[in-house]
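Okay, so here's the structure we're looking at.
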Amino acid sequence: MPPMPTPHPATREPSRRFSTRHMLMLALALEILIAGSVNADRYRRPGVTVNTPAVDGHVIT
């Protein structure tokens, strides 16, 4: 009698394309990186500006 084949569990092949959720997460990550790099060049003095004086670099807090 020939040997019995071993049964393989039913497995689904992994999908090779991006799902909508993954595309949205990737777009959000890209947006955060772009917004962060744009805002990284700006220097903001600490404090809340109440009145902007005529001289640049001076802040009244």
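None of these values were measured; they are calculated from a predicted model.
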* Looking at CG of Leu33 and CG of Leu28, how far apart are the two atoms once the value is rounded to the nearest 0.5 Å? -> 10.0 Å
* To do: Check side chain to side chain contact (heavy atoms under 4.5 Å, CB included) between Ser19 and all other residues, then give those that pass, not counting sequence neighbours.
  => Arg21, His22
* To do: Please collect all side-chain hydrogen bond (donor to acceptor under 3.5 Å, both in side chains) contacts where either partner lies in residues 23-37, sequence neighbours excluded, each pair once.
  => none
* Asked: Who passes side chain to side chain contact (heavy atoms under 4.5 Å, CB included) against Met23, sequence neighbours left out?
  -> Phe18
